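Step one of this worksheet: look at the structure below.
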Amino acid sequence: MNKKISRIAFVLCLGCFLFSCRSKKGIVTKKPHTPTVVIGGNNKEETTQTPKAPSKVYANATEKYIDVYKGIAQQEMSLYGIPASITLAQGILESGSGKGRLSVKANNHFGIKCHGWKGGKIYHDDDRAQECFRKYKDAKYSFRDHSLFLKDRKRYAKLFKLKKGDYKGWARELRLAGYATDKKYPQKLISIIERYELYKFDKEILGESGVEFEMPEVEEQLTYTVSKGDTLYSISRKYGITVKELQKLNGLNGTALNIGQVLVVKP
């Protein structure tokens with residue numbers, strides 16, 4: 001009997017002890033694992049954030065190409081006089097809107113071949129199998145080489161006599177100068193330019209009218225050195241202007257003159 005009572009007491013004590021421990025520990029909620037990313041090759045970790053949605057959505061690869069490279073094309077136009085519309089249209093046509101192998105693997109948007117090139121190279125089937133093409137670290141250098149390619153070769157000299165806003169003339173002359181063997185090359189360029197309104201990038205450089213700005217001719221300033229017996233009236237008569245105009249040109253308030261004084265008689 002005593003043993004039975006002792007056993008019951010032991011079980012009750014053990015139950016109370018276990019209940020007490022459980023109440024102190026409380027309920028632990030397992031937190032979801034937060035993904036981490038290693039930064040800069042060290043052991044530091046940082047919680048990743050949800051990637052931001054693209055700022056722009058493009059209808060096709062060509063529109064994206066235009067948006068990415070329009071600024072470079074306009075810069076080349078300012079420096080070398082090649083219409084931005086022509087540069088962009090050639091880049092779109094020859095690089096497949098930036099998706100061609102040469103543009104993806106070598107940043108070469110214009111199919112420029114090695115020709116003594118000492119930089120990186122890539123081999124690609126073109127007119128012949130595995131021809132050598134230039135490889136660039138950045139696409140902008142491809143655009144610069146395109147500008148220099150046209151500017152430095154005599155056979156393209158006629159291009160630079162055309163108005164910079166005349167994209168149709170540029171497209172035709174490129175074909176005539178031997179840039180491309182495709183007889184429809186000019187029509188292809190013009191079609192791309194007009195479809196995507198690339199001529200507007202020319203206008204931003206030339207002005208809204210699309211006519212190239214020309215500096216007005218500056219006439220050489222004509223002066224006269226005052227000698228003994230000269231008056232403002234006699235000098236104005238000599239050069240066909242009024243006394244007031246002569247005073248205004250020279251900032252004179254009165255009519256007094258000094259021998260040896262130099263007067264502007266024609267602006």
Side-chain angles (χ1 to χ4, degrees), residues 62 65-128 130-182 185-186 188-190 192-193 196 198-206 210 212-215:
T62 301
Y65 185 94
I66 293 166
D67 196 33
V68 172
Y69 296 108
K70 63 185 180 183
I72 296 175
Q74 287 182 308
Q75 183 180 35
E76 294 303 305
M77 181 177 181
S78 296
L79 291 172
Y80 296 96
I82 301 164
S85 59
I86 287 292
T87 299
L88 285 170
Q90 287 188 287
I92 290 166
L93 184 60
E94 296 174 34
S95 75
S97 296
K99 291 186 172 293
R101 180 174 179 268
L102 286 177
S103 56
V104 173
K105 298 287 186 180
N107 285 316
N108 190 332
H109 287 230
F110 300 91
I112 300 176
K113 296 180 182 179
C114 289
H115 299 305
W117 175 252
K118 295 181 180 179
K121 300 173 183 177
I122 186 172
Y123 295 89
H124 180 76
D125 293 346
D126 192 51
D127 296 329
R128 296 187 299 272
Q130 294 299 289
E131 290 190 82
C132 182
F133 289 84
R134 300 183 183 189
K135 186 175 183 179
Y136 304 94
K137 292 181 179 180
D138 192 291
K140 66 184 179 181
Y141 301 118
S142 173
F143 279 76
R144 176 56 50 85
D145 258 8
H146 169 261
S147 298
L148 294 173
F149 182 84
L150 296 179
K151 191 73 174 178
D152 294 344
R153 284 165 174 74
K154 291 182 179 180
R155 63 175 175 169
Y156 299 118
K158 288 184 179 179
L159 287 165
F160 297 91
K161 294 180 181 180
L162 299 171
K163 291 182 178 179
K164 294 182 180 68
D166 182 13
Y167 63 86
K168 291 182 180 179
W170 274 77
R172 297 188 189 102
E173 188 57 42
L174 276 167
R175 166 74 177 83
L176 293 173
Y179 187 94
T181 56
D182 184 358
Y185 190 75
K188 289 178 180 179
L189 291 182
I190 292 168
I192 292 170
I193 290 170
Y196 294 98
L198 302 183
Y199 47 76
K200 65 185 179 184
F201 301 119
D202 299 337
K203 290 183 179 180
E204 287 177 6
I205 300 298
L206 302 175
E212 183 178 354
F213 286 132
E214 293 184 1
M215 292 297 290

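A quick note: this is a predicted structure, and the numbers were derived from the prediction, not measured.
Here the shortest heavy-atom pairing between L93 and K188 reads CD2-CB, 4.1 Å. Contact detail for F110 and T87: the closest heavy-atom pair is CE2-O, 3.5 Å. Residues N108 and I112 share a closest heavy-atom pair of ND2-O, 2.9 Å. Across all non-hydrogen atoms, the minimal contact from G91 to S95 is O-OG, 2.5 Å. Across all their heavy atoms, Y123 and K121 have their closest contact at OH-CD, 4.1 Å. Pairing each heavy atom of L88 with each of Y65, the nearest pair is O-CE2, 4.2 Å.
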Show which side-chain atoms of residues 135-143 pair as donor or acceptor with protein atoms under 3.5 Å away, not counting sequence neighbours.
| unit_1 | atom_1 | unit_2 | atom_2 | d |
| --- | --- | --- | --- | --- |
| Y136 | OH | D145 | OD2 | 2.7 |
| D138 | OD1 | K140 | N | 2.9 |
| S142 | OG | H109 | N | 3.0 |

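D125 places a side-chain heavy atom less than 4.5 Å from the side chain of Q130.
With W170 contributing its side chain and G165 its backbone, the two residues share no donor-acceptor pair below 3.5 Å.
For residues 71-86, the set of pairs meeting the side chain to side chain donor-acceptor pair (under 3.5 Å) definition, not counting sequence neighbours, comprises Q74-E204, E76-R144, E76-S147, S85-D202. Applying the disulfide (SG to SG under 2.5 Å) definition to pairs two or more places apart or across chains, those involving residues 74-120 are C114-C132.
Here CG of L198 is found 11.0 Å from NZ of K70. Values are rounded to the nearest 0.5 Å. How far CZ of R153 is from CG of L148: 9.0 Å, rounded to the nearest 0.5 Å. Distance check: H124 NE2 to R101 CZ gives 6.5 Å after rounding to the nearest 0.5 Å. Residue M77 holds its CE atom at 7.0 Å from NZ of K164, rounded to the nearest 0.5 Å. The CZ atom of F133 lies 8.5 Å from the NE2 atom of H115; values are rounded to the nearest 0.5 Å. How far NZ of K99 is from OG1 of T62: 9.5 Å, rounded to the nearest 0.5 Å.
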Test side-chain contact (heavy atoms from CB on, under 4.5 Å) on K151 and I82 and set out the steps. CA-CA 9 Å; K151 191 73 174 178; I82 301 164; 5.6 Å; no
Check the pair Y179, L150 against side-chain contact (heavy atoms from CB on, under 4.5 Å), reporting the backbone distance first and the verdict last. CA-CA 9 Å; Y179 187 94; L150 296 179; 3.9 Å; yes
Evaluate the side-chain contact (heavy atoms from CB on, under 4.5 Å) criterion for residues L174 and I86: first the C-alpha distance (whole Å), next the side-chain angles of each, then the deciding distance (0.1 Å), finally the verdict. CA-CA 10 Å; L174 276 167; I86 287 292; 3.9 Å; yes
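Qualifying ring-ring contact (aromatic ring centres under 6.0 Å, His included) partners for F149, counting only residues two or more places apart in sequence or in other chains: Y156. For Y167, the ring-ring contact (aromatic ring centres under 6.0 Å, His included) criterion is met by no residue, not counting sequence neighbours. Residues forming a ring-ring contact (aromatic ring centres under 6.0 Å, His included) with F201 (at least two apart in sequence, or on another chain): none.
Just one residue in the list E173, R175, K168 forms a side chain to side chain contact (heavy atoms under 4.5 Å, CB included) with P186, and that residue is R175.
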